[in-house]
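Written below as structure tokens is the structure these notes are about.
Reminder, nothing fancy here: chain letters follow the sequence lines and each chain counts from 1. No experiment lies behind these values; they were computed from the predicted model shown.
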Amino acid sequence: MSNYFLPTLKETPSEAQIVSHRLMLRAGMVRQSAAGIYSWLPLGLRALRKIEAIVRDEQAKAGAIEMLMPTLQSADIWRESGRYEDYGKEMLRITDRHGRDLLYGPTNEELITQIFRDNVVSYKDLPKNLYHIQWKFRDEIRPRFGVMRGREFLMKDGYSFDVDEASARVSYYKMFIAYLRSFRRMGLKAMPVAADTGPIGGELSHEFIILADTGESEVFCHSDILNLPVPEADYDGDLGPTIESFTQYYARSDEMHDADMFAQQVPAEKQLTARGIEVGHIFYFGQKYSTAMNAQVAGPDGKDTPVHGGSYGIGVSRLVGGIIEASHDEDGIIWPWAVAPFHVGLINLKPGHEGCDALCESLFETLSQNGLDVLYDDRDDRAGAKFSTMDLIGLPWQAVIGPRGAEGGEVEIKNRATGEKHVLVLDAAIALLSSSPDSAK
RNA sequence: CGGGGCUUGGCGCAGUCUGGUAGCGCACCUGGUUUGGGACCAGGGGGUCGCAGGUUCGAGUCCUGCAGCCCCGACCA
């Protein structure tokens with residue numbers, strides 16, 4: 001850590017209003033560069049990458065294929081879909097040296113549709129679900145809340161292509177399940193709420209909301225939906241009943257909310273009105289883009305038909321803030337194991353002390369070999385300062401080695417979430433640290 | 001885009017009303033004493049006071065314009 005870059009702050013910068021923003025600044029995860037635009041410092045980047053990894057894993061299980069599209073797009077394809085004008089001022093428009101119109105992509109329906117139509121011509125190639133994790137830019141009227149509503153943000157966006165609506169529904173269901181699983185693995189309880197489908201209509205649009213008082217979305221739901229088991233990653237067979245187990249309950253965003261229906265369908269003691277953070281959004285948009293942009297495949301009958309599309313977004317950078325909103329205390333962040341930038345914070349209370357140094361290095365080596373990410377605090381500083389820093393950055397385990405215990409080869413292990421401490425000999429400490437402490441909660 | 005607020009060293013702030021040669025805490029550097037929950041003493045470095053004009057013998061302070069940032073609302077991963 002003496003060689004690391006982790007600029008923590010004792011005092012809270014005045015611009016940060018919500019707890020996740022304050023903690024991200026104080027813990028040295030991000031620094032603001034302009035309104036709604038952030039640099040990700042090493043610690044923040046590690047959390048971001050952990051979230052990406054979970055998303056990738058669950059996308060792969062659900063059959064989605066990763067690719068990467070550019071941040072800059074040509075205006076031409078957006079003129080084709082009709083959204084170049086429609087998108088308005090939220091789209092950042094750029095002109096290159098030749099006077100050609102470009103834009104910093106706020107989303108990628110047009111680009112993926114272009115790629116698809118140029119390369120897929122038969123129903124035999126369907127279904128396809130392609131995604132990427134890329135920075136987006138939306139020139140928000142009012143960015144706020146740190147990375148929760150930035151103008152530049154990292155999003156996983158995926159697009160499915162199917163030959164008909166029935167098949168598109170299956171693609172949608174797969175993402176529905178993959179999203180539930182992804183958020184749960186990040187230590188979050190995300191609930192799917194019926195969302196506005198816009199001009200397309202239908203019931204196939206859901207937002208995934210995690211509850212938080214500082215959230216910008218208001219939701220109305222049956223409280224049982226929060227405690228449903230998360231489905232297995234089994235995507236064969238009929239997914240309908242699994243989806244139904246969620247959609248049978250009333251759960252709607254404020255623009256879809258119907259007070260009478262809510263009162264009728266949900267017993268009073270189960271009615272939950274709460275604020276939340278939208279961390280994912282999936283929807284089926286039918287043939288909207290494929291028709292506008294002529295993305296057709298030949299069916300079994302040899303006739304061309306526009307493909308049925310869906311799109312699926314996860315706010316990756318927003319999740320970093322969202323997870324902190326959901327998991328912190330007055331001392332700092334409490335990272336869930338799966339997304340923690342490091343698993344273990346190793347504190348050497350007395351660098352330079354032979355016994356402490358040797359024990360720390362031994363522990364560091366063994367834990368690293370066991371595949372754990374360890375942040376080693378070997379700074380020459382007071383114990384209190386080290387404890388405070390470690391609590392602030394919120395790694396799941398803290399391993400403290402000082403002259404007191406070093407003689408007997410003892411390590412003090414602290415669980416950041418519960419505050420529980422155990423004094424253990426090296427081998428026992430290694431065994432404990434190698435396990436996720438989340439189950440203790 | 002409407003309403004409100006802010007801008008003074010890396011961070012948090014005072015000073016602006018009433019113009020007179022820029023200050024406090026934290027952080028940083030040096031030395032010493034300390035050392036298991038953000039130590040103490042002494043010394044030290046660092047600021048075109050957001051930018052541009054103007055008023056004045058003199059502007060952080062007064063006037064005009066502009067910019068950046070934050071908060072509340074309508075829009076969004």
Contact under 4.0 Å: A/Q32 side-chain N or O vs B/G68 OP1/OP2: no

Interatomic distance, A/Y131 OH vs B/A77 C1' [rounded to whole Å]: 17 Å

salt_bridge(A/E90, A/R138) N-O dist < 4.0 Å: no

Separation of atom CZ in A/R151 from atom P in B/A77, rounded to whole Å: 18 Å

Whole-Å gap separating P (B/A77) and CZ (A/F145): 16 Å

Touch class at under 4.0 angstrom, heavy-atom based, for A/A34 against every strand present: sugar-phosphate

Salt-bridge criterion met for A/D157 and A/K136 (N-O under 4.0 Å): yes

Sugar-phosphate, base or nothing in reach of A/E278, heavy atoms under 4.0 Å: sugar-phosphate

B/U30: pairing nucleotide in any strand, Watson-Crick or G-U under 3.5 angstrom: B/A42

Nearest-angstrom distance from the residue atom CZ of A/R31 to P of B/C69: 17 Å

Whole-Å distance separating the CD atom of A/E140 from the P atom of B/A77: 9 Å

B/G47: pairing nucleotide in any strand, Watson-Crick or G-U under 3.5 angstrom: none

Residue closer to the 5' end of RNA chain B, A/E207 versus A/P13 (nearest nucleotide): A/P13

Complementary nucleotide for B/C24 - Watson-Crick or wobble, under 3.5 Å: B/G12

Upstream residue (5' side of RNA chain B) when A/E255 and A/S14 are each assigned their closest nucleotide: A/S14

Listed partners of A/Y87 passing ring pair (Phe, Tyr, Trp, His ring centres under 6.0 Å), at least two apart: A/W78

Sugar-phosphate only, base, or nothing, as touched by A/V279 at under 4.0 Å among non-hydrogen atoms: sugar-phosphate

Touch class at under 4.0 angstrom, heavy-atom based, for A/G321 against every strand present: nothing

Residue A/D213 excluded, over 12 heavy atoms near CG under 6.0 Å: no

Centroid-centroid under 6.0 Å between A/F176 and A/H206 rings: yes

Note, A/S327 side chain near A/W335 side chain (heavy atom, < 4.5 Å): no

Per-nucleotide protein contact string for nucleotides 31-39 of chain B, where B marks a base within reach and S marks sugar-phosphate only (heavy atoms under 4.0 Å, - for neither): ---BSBBBB

Charged N-O contact under 4.0 Å between A/D381 and A/K386: no

Nearest-nucleotide pick for A/E15, side chain only, options being B/C70, B/A77, B/A74: B/C70

